[in-house]
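The block underneath contains the structure these notes are about, expressed in structure tokens.
Every number for a ligand or one of its atoms is a count from 1 in the order of the listing. Side chains included, hydrogens not; waters and symmetry mates left out as well; all remaining heavy atoms used.
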Amino acid sequence: MSRKLQPGRLVAATHNKGKVVELKDLFEPLGFEVVSAGDLDLDEPEETEFTFTGNALIKARAAAKATGAPALSDDSGIAVTALGGMPGVNTADWAGYPRDFYKAMQKVETALQDIKAEDRSAKFVCCLAVVWPDGHEMTFEGESHGTLTWPPRGKMGFGFDPVFVPVGRTITFAELDPAEKHAMSHRADAFKKLQAALL
Ligand code: IMP
């Protein structure tokens with residue numbers, strides 16, 4: 001059964017500041033007050049599923065339960081064709097702890113060089129999940145296609161943005177104006193589907 005998401009308080013079930021900025025940019029113009037799980041000091045649940053959708057649901061369910069408000073989560077990552085889709089759902093883990101995304105990008109580059117990969121294509125994937133306090137839930141998946149460059153370029157964005165050159169462009173996501181990235185990203189693609197169904 002479909003349901004609309006009423007403008008008001010929306011808990012962004014993430015501690016990732018880069019994602020919070022992008023989610024605020026997408027939802028706040030539509031009348032939502034986006035408060036992050038990090039700001040509310042909520043626990044970060046363990047992401048034990050093997051799909052973006054599964055992990056997005058774990059995060060949104062935990063935040064909806066803890067706050068009694070509708071929760072929005074984002075599970076995302078980069079899937080590299082020549083690496084059989086890795087790091088995929090484990091993208092954040094490749095950065096170790098504390099997170100070091102230069103290390104993660106380097107690890108991907110080393111893996112590509114080790115197999116002398118000619119195919120440097122990759123896609124970002126994003127699953128947005130919305131869970132209401134009464135247990136109703138919806139998920140939306142988006143993708144953004146491109147190629148990986150080395151060395152990293154650009155200072156904007158977060159995570160793997162400095163090595164990702166979207167299709168049709170010659171600059172990386174980290175060199176693009178944030179508004180342009182937000183219009184063409186995997187998150188924007190998932191958001192368009194969410195918007196069509198829930199807003
Ligand atoms: P998780 O969804 O919290 O498990 O982490 C996803 C990871 O994928 C992030 O920490 C980033 O490294 C990467 N990622 C997801 N979306 C983006 C993006 O828009 N740009 C760059 N990296 C991203």
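Taking only nitrogen or oxygen atoms, main chain and side chain alike, Arg187 reaches within less than 3.5 Å of ligand 1. Here's the thing with Lys181: one of its N/O atoms is less than 3.5 angstrom from an N/O atom of ligand 1. Checked by distance only, ligand 1 and Phe160 come closer than 3.5 Å through their nitrogen or oxygen atoms.
In this structure, Gly157 does not count as a contact residue of ligand 1, since none of its heavy atoms falls inside 4.0 Å of the ligand. The shortest heavy-atom distance from Lys59 to ligand 1 is under 4.0 Å. At least one heavy atom of Asp75 sits less than 4.0 Å from an atom of ligand 1. The shortest separation from a heavy atom of His186 to ligand 1 is under 4.0 Å, placing the residue in contact.
Contacts between Thr14 and ligand 1, counted as non-hydrogen atom pairs separated by less than 4.0 Å, are absent for every part of the residue.
In this structure, the protein non-hydrogen atom closest to atom 15 (C) of ligand 1 is Ser76 OG, 3.1 Å. When only non-hydrogen protein atoms are considered, atom 3 (O) of ligand 1 lies nearest to Lys19 NZ, 3.0 Å. For atom 10 (O) of ligand 1, the nearest non-hydrogen atom of the protein is Phe101 CZ, 3.2 Å. Atom 8 (O) of ligand 1 has as its closest protein heavy atom Thr91 CG2, 3.3 Å. Summary of contacts: the protein heavy atom closest to atom 4 (O) of ligand 1 is Glu47 OE1, 3.3 Å. Among protein heavy atoms, the minimum distance from atom 23 (C) of ligand 1 is reached at Phe124 CE2, 3.5 Å. Given atom 9 (C) of ligand 1, the protein heavy atom at minimum distance is Asn16 ND2, 4.0 Å. For atom 20 (N) of ligand 1, the closest non-hydrogen atom of the protein is Asp161 OD1, 2.6 Å.
Looking at Gln106 and Trp150, their side chains come closer than 4.5 Å, going by heavy atoms from C-beta outward. Side-chain atoms of Glu141 and Val125, non-hydrogen and from C-beta on, do get closer than 4.5 Å to each other.
In this structure, the side chain of Arg61 does not engage the main chain of Val131 through any donor-acceptor pair within 3.5 Å. Between the side chain of Asp75 and the main chain of Cys127, no donor-acceptor pair closer than 3.5 Å is present. Side chain of Lys181 to backbone of Gly157: no donor-acceptor contact under 3.5 angstrom is found. At distances below 3.5 Å, not a single donor-acceptor pair connects side-chain atoms of Asp161 with backbone N or O atoms of Phe173.
Ionic pairing of Glu180 and Arg169 is present here: one or more N-O contacts between side-chain nitrogen and carboxylate oxygen are shorter than 4.0 angstrom.
None of His186, Glu143, His145 except one satisfies the side chain to side chain donor-acceptor pair (under 3.5 Å) rule with Lys123; the exception is Glu143.
Considering only residues two or more places apart in sequence or on other chains, Glu28 meets the side chain to side chain contact (heavy atoms under 4.5 Å, CB included) condition with Lys24, Val34.
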Evaluation steps, salt bridge (charged side-chain N to carboxylate O under 4.0 Å, His left out), between Lys59 and Glu49:
CA-CA 11 Å; Lys59 292 186 271 194; Glu49 292 287 338; over 6 Å; no

